[in-house]
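What's counted below: heavy atoms across the whole structure, side chains too, no hydrogens, waters or symmetry copies. The chains referred to below are lettered A, B, ... by the order of the sequence lines, with proteins before strands, and numbering in each begins at 1.
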Amino acid sequence: MFKLASWNVNSLTIRLEHVLTWLETMDIDVLALQETKMIDEKFPLATFAERGYHVVYSGQKTYNGVAVISRHPITDVMTDIPDFSDPQRRILAVTVGGVRLVNLYVPNGASVGSDKYEYKLNWLDKIKSFLDQQLITYPELAVVGDFNIAPDDRDVHDPVEWEGSVLVSPLERQAFSNLLELGLHDSYRLFTQEEGAFSWWDYRAAGFRRNRGLRIDLILLSHQLHKKCTGSHIDKIPRKWERPSDHAPVWVDLQLS
DNA sequence: ATGGTGGTCTTACCA
């Protein structure tokens with residue numbers, strides 16, 4: 001069994017012990033991180049290396065930042081996509097275990113109609129073109145990360161309250177749908193799941209205790225790869241730990257040949 | 001109850 005995971009850690013400095021504990025207890029093969037919030041010079045390379053992990057990272061000060069932690073060697077690393085110059089560190093594409101992995105920290109978008117919202121939609125359009133190219137080269141493709149989009153109302157604790165808001169707005173959902181139309185599957189919906197399953201809960205107003213959450217952390221799989229997927233999960237347990245990330249880790253089980 | 005919490009070279013900003 002090959003376990004591929006994704007986790008928005010909201011600062012790897014604060015969450016390093018959580019990440020190490022979770023990797024070991026869950027026996028994760030590959031973990032994509034978002035919001036590491038650290039420059040590359042500060043990445044805890046030795047901490048992972050001495051535990052036998054391979055790591056790649058693309059970070060910046062204070063904001064954003066993506067990384068991949070792996071039990072297997074990592075090759076063909078990309079931190080930027082063609083024809084899109086962006087100082088924000090949100091993309092990390094790698095090859096590991098024969099799988100092409102694209103790790104994304106999709107922009108939040110702030111509020112519908114804002115400059116950040118326009119940036120988000122444009123960013124998603126650029127990503128779509130990139131993934132279209134990647135699928136040609138790499139039929140076994142996984143696109144994972146914090147999408148900052150709840151794909152449909154099942155992924156929202158209160159769809160009426162959230163209607164039209166950023167993270168659920170029609171244009172964002174259309175942009176997400178456009179990614180699926182390239183030939184990708186939302187792995188979580190390949191299996192029967194309980195209702196009210198989310199991956200992010202606002203720190204404010206006791207969001208987690210009241211399960212006021214959204215499912216925005218996703219693992220998308222190409223046709224070739226989804227045939228090898230035997231499970232897709234959200235682990236809420238780390239959200240209950242002391243000083244948690246506001247996101248839960250998610251993972252898929254893959255039967256790689 | 002139009003707030004609340006959490007992270008960051010913080011006193012503003014992002015989420």
Using the rule that two of Ile, Leu, Val, Met, Phe, Trp, Tyr join whenever any of their side-chain heavy atoms come within less than 4.5 Å, decide whether L184(A) and V144(A) are in one cluster. no
Correct closest heavy-atom pair for P238(A) and W22(A) would be CG-CD1, 3.6 Å
Heavy-atom nearest nucleotide on DNA chain B taken for H247(A) and for R15(A); more 5' hit belongs to R15(A)
Minimum heavy-atom distance A67(A)-T36(A), with the two atoms named: CB-CG2, 4.2 Å
Give me the distance, rounded to whole Å, that separates dT5(B) from dT10(B) when you measure between the C1' atoms they each carry. 15 Å
Nearest-nucleotide wise, let me know which of P244(A) and E35(A) is further upstream toward the 5' end of DNA chain B. P244(A)
Could you check whether E181(A) pairs with K128(A) (Lys NZ or Arg NE/NH1/NH2 to Asp/Glu carboxylate O, under 4.0 Å)? no
Between H247(A) and W7(A), ring centroids under 6.0 Å: no
Numerically ordered, the residues 86-93 of chain A set in heavy-atom contact under 4.0 Å with DNA chain B is R90(A)
Which part of the nucleic acid does R212(A) contact within heavy-atom distance under 4.0 Å: base, sugar-phosphate only, or nothing? nothing
Taking R210(A) first and then D158(A), would you say they form a salt bridge - that is, a charged N and a carboxylate O separated by under 4.0 Å? no
Just one of R90(A), R89(A), K126(A) clears the salt bridge (Lys or Arg N to Asp or Glu O under 4.0 Å) bar with D80(A), so which one? R89(A)
For F208(A), answer base if it contacts any base atom (sugar-phosphate contacts may also be present), sugar-phosphate if it contacts only those atoms, and nothing otherwise; contact means non-hydrogen atoms under 4.0 Å. nothing
Do the side chains of R51(A) and E24(A) get close enough for a salt bridge, i.e. N-O under 4.0 angstrom? no
Between which nucleotides of DNA chain B, 5' to 3', does chain A make heavy-atom contacts below 4.0 Å? dG4(B) to dA15(B)
If I compare all heavy atoms of H72(A) with all of D29(A), which pair ends up nearest, and what's the gap? NE2-OD1, 2.8 Å
Taking pairing as Watson-Crick or G-U wobble with both contacts under 3.5 Å, can you name the mate of dT2(B), or confirm there isn't one? none
Could you tell me how far dG4(B) sits from dC9(B) if I compare only their C1' atoms? Round to whole Å. 26 Å
If we take the C1' atom in both dG6(B) and dT11(B), what is their distance in whole Å? 16 Å
